[in-house]
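What follows is one structure encoded as C-alpha cells, with my remarks underneath.
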Amino acid sequence: MTRNILSLLVGLFACSIADAQILKVTPQTTSCALYQRVDVDVELHGEWENPYRQEEARLDMVVTAPDGTIIIVPAFFVDGESGKTSHWTVRFTPQAQGRLTYFVRYTQPGLESVSQSYKLDVKEGTGHGILHTADHWTLRYDDGTPFRGIGENICWESRANDDSKYFKKLHEMHHRFNYPAMLPKFAENGGNFVRLWMCSWNFPIDRKADFNNPRYETCDGPLNQSAAERLDETVELCERLGIKIMLCIGAGEARTDGDFFVSEEARAAHRNRLRYIIARWGYSEAIAMWELFNEIDNIQYRDGNHPIPAKNIVDWHAHMARYIKSIDCYRHIVTTSISHRDLDGLNAVADIDINQKHVYNQTTVIPKTINDYTQKYGKPYIIGEFGYEWDWSKNFDDFADGMDMDFRRGLWYGLFSPTPVTPMSWWWEYFDNRNMQRFFRAPALINKEMMESGKGSFLPCKAMADNGQVFAVTCGKKTYVYLFNDSRQTMRKVQVDARGTLCELDIEKAVWGKRRKCEGTISTSVRTHAEKVFVIE
C-alpha cells in the first residue's frame, strides 16, 4: 500500500511539473474573419541546447475545425533562455467558418505539456485563402477563385558590393532596388507574382555575418532576427499589394555537397529549417509556392569530375516535399527548379506539384517546352527564369533591343501557353533601368479579360499564319489571338479555328473575312512593336 501511494504521489508530482511548462497562452483575439491571420503568443519553461531543433523543443497548436478535422499548426521560437521563461508565437489562418477550438502542446525529450482549451469564432471574410494547383493553366484559391500569375524575378535587393562587370553601380543603388520601391512599382504595372530568394545576401535567416547587404545585422544565435524581420516586412507588403511569392528556400548555410543529400544529420537540420519557415510565414496568402532549390542541376555538377548522383538528389526532394506536406496545414504548392539538365525521376516526384526549368538564349522554345513537359508528366509547368542572355560578363547594352524583345515575348508566350504563371524574366535591375516595367500592363490587362471571360477556363485553338507565329486560346465566349512576327517578311493572313469556326484575318485591313461567318466583332486590344493581340467575340 505504501509503495502504491508513493508511486501515485510521484506520478502526480511529474504531472504538475509537466503542466507548469506552459506558463501563459495569450490569444490575439477570440474572433476573426475567414482567411485572416490570428497570432497566439505563448510563454513556457523548457530546456534545450537549441530551441530551433524540434528534437529538443517543439511547440504546436492543435486545432479542431468546425467539422471535427484536427489541424496541427507549428509554432516558432521568439526569444528566451533554456530553463527560464521563453516566448513562442503561433501564426494561424483559419480556412473554415464556424467555431473552432484549440490548445497548445509543448514537447521535449521525456516531457509533454498541454494548455487549456481556447475558442475562436471564424466569421465570413473577404479573403480568398491559399493558392493550390488546379490545372495546367491556372491556380485556385481555397474558396475556388481562379488565379493566373503575371510574373517576374525580383530575387534580391541591391547588394553592398555587386560583381557585375558593366552594371555594378546600377545594382548597388540601395534607394532604388529595395522591395518597398520595386514591388509597388511592379504591382502598379499589373504584376502579381514574384520569385524571391533566401540566400547569403537576401533574407539570410541562418547567417551570422558577412551578408554583402547593409540591411542585416550580425548576430550570435542560430537565427538572424534582422533577416527574419525583413522577410516579415516583405511578405506583409506583398499581402497589401496582392502579389504572390514563389519563395526559393535553398539550403541556407549548409554545404550542398554529396553528403548533404544523404546524411540523416543534414536532413534533420534541413527539416528543422523548413519547419521554422513554414511556422513563421506559412500562414500568409502571399506565399504561393515553396521552391526547394534554385537550379539543382548546377549544384549536382558543381564538381564536374564528381557529379552528385541524380538518385540521391531526387530521393532528397521526395523526402523534403513529403515532409513539407506533413507539416504545412495550408497545403502550399511545392516546386523546385533546374537550369537546363533534367534529373531522371525529378519531374515525377509525387509531392512536387509544379515542375520548373530556366530558359536562356532560346526564348522561342518556351511554348513547346511548356507543352511537352505538361503532356509528358501531367503536371503544371513554369519557366522560372528566362532571358535573351545569361552571361553577366557581357554588356547587355550591346544587344539591348534583343533583351527588350525577349522580355516582352516571354510574357506573351506564357499567356498563350498552358502555364499558371507567365515566364519570369531575369535581370530586373537592367530592365527597370530601361523602363520595361510598363510592358507588364498589356499582358496583365489581357490576362484579366481572359480570366473574367472564361472564369478560369482555357481552351487552346488551332491557328496558322503565312509568316511569323500565331497562338490562340478560347476563354468562354471569346477567342484571343496573339501574333508575333520578327521575320523580314510581312504577315498578311492568319487562320484561327475559333470554337469550330474557321476565321481568317486580313492583317493589312485588320478585319476578319465575312465569308467565314465569324460572329461578333474584332478589336485590336494590344499593339507593341512586332506583337498584336486580337479578340474574336
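We use all heavy atoms of the structure for the numbers below, so side chains are in, but hydrogens, waters and symmetry mates are not. Throughout, numbering of the chain's residues begins at 1 and tracks the sequence.
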Do [Y] and [X] meet the salt-bridge criterion of a basic N to acidic O distance under 4.0 Å?
X    : Y    : result
R53  : E56  : yes
R195 : E152 : no
K185 : E188 : no
R280 : E229 : no
E157 : R230 : yes
D372 : K376 : no
D121 : R99  : yes
R273 : D206 : yes

Does one side chain, of [X] or [Y], offer a donor that lies under 3.5 Å from an acceptor on the other?
X    : Y    : value
N189 : R438 : no
Y323 : R271 : no
N202 : Y179 : yes

Excluding sequence neighbours, so at least two apart, what forms ring pair (Phe, Tyr, Trp, His ring centres under 6.0 Å) with [X]?
X    : value
Y482 : W412, F416
W426 : W156, W197, W428
F186 : F440
H270 : F260, W316

Are the side chains of V104 and L59 in touch, meaning some heavy atoms are under 4.5 Å apart?
-> yes
Side-chain heavy atoms of I22 within contact of V42, under 4.5 Å = yes
Got a sec, which pairs hit ring-ring contact (aromatic ring centres under 6.0 Å, His included) with one end in residues 57-83, sequence neighbours left out?
-> W48-F77, Y52-F77, F76-Y276, F77-W88
Within residues 98-117 or reaching into it, pairs that qualify as ring-ring contact (aromatic ring centres under 6.0 Å, His included) - sequence neighbours excluded = Y102-Y118
Least distance between heavy atoms, [X] atom then [Y] atom:
X    : Y    : result
G151 : T422 : N-OG1, 3.0 Å
I154 : L196 : O-CD2, 3.1 Å
I71  : A65  : CD1-CB, 4.2 Å

From I130 atom CD1 to Y330 atom OH, the distance as rounded to the nearest 0.5 Å | 7.5 Å
Pairs in or reaching into residues 141-151: which pass salt bridge (charged side-chain N to carboxylate O under 4.0 Å, His left out), with residues at least two apart or in two chains?
-> D142-R331
Please, which pairs that meet salt bridge (charged side-chain N to carboxylate O under 4.0 Å, His left out) have at least one residue in residues 75-89, sequence neighbours excluded?
-> E81-K84
For R91, which residues count as a salt bridge (charged side-chain N to carboxylate O under 4.0 Å, His left out) partner, sequence neighbours excluded?
-> D232
Residues which pass side-chain contact (heavy atoms from CB on, under 4.5 Å) with I338, listed by chain and number, not counting sequence neighbours = I296, D297, D342, L343, L346, K357
Listed partners of P109 passing side-chain contact (heavy atoms from CB on, under 4.5 Å), at least two apart =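 Result, side-chain contact (heavy atoms from CB on, under 4.5 Å) vs P109: none returned.
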How would you list, by chain and number, every residue that makes a side-chain hydrogen bond (donor to acceptor under 3.5 Å, both in side chains) with N272, sequence neighbours excluded?
-> Q54, E55
Please indicate whether D220 has more than 12 foreign heavy atoms, meaning atoms of other residues, nucleotides or ligands, lying under 6.0 Å from its CG.
-> no
E264 atom CD, neighbour heavy-atom count above 12 within 6.0 Å |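 Enclosed.
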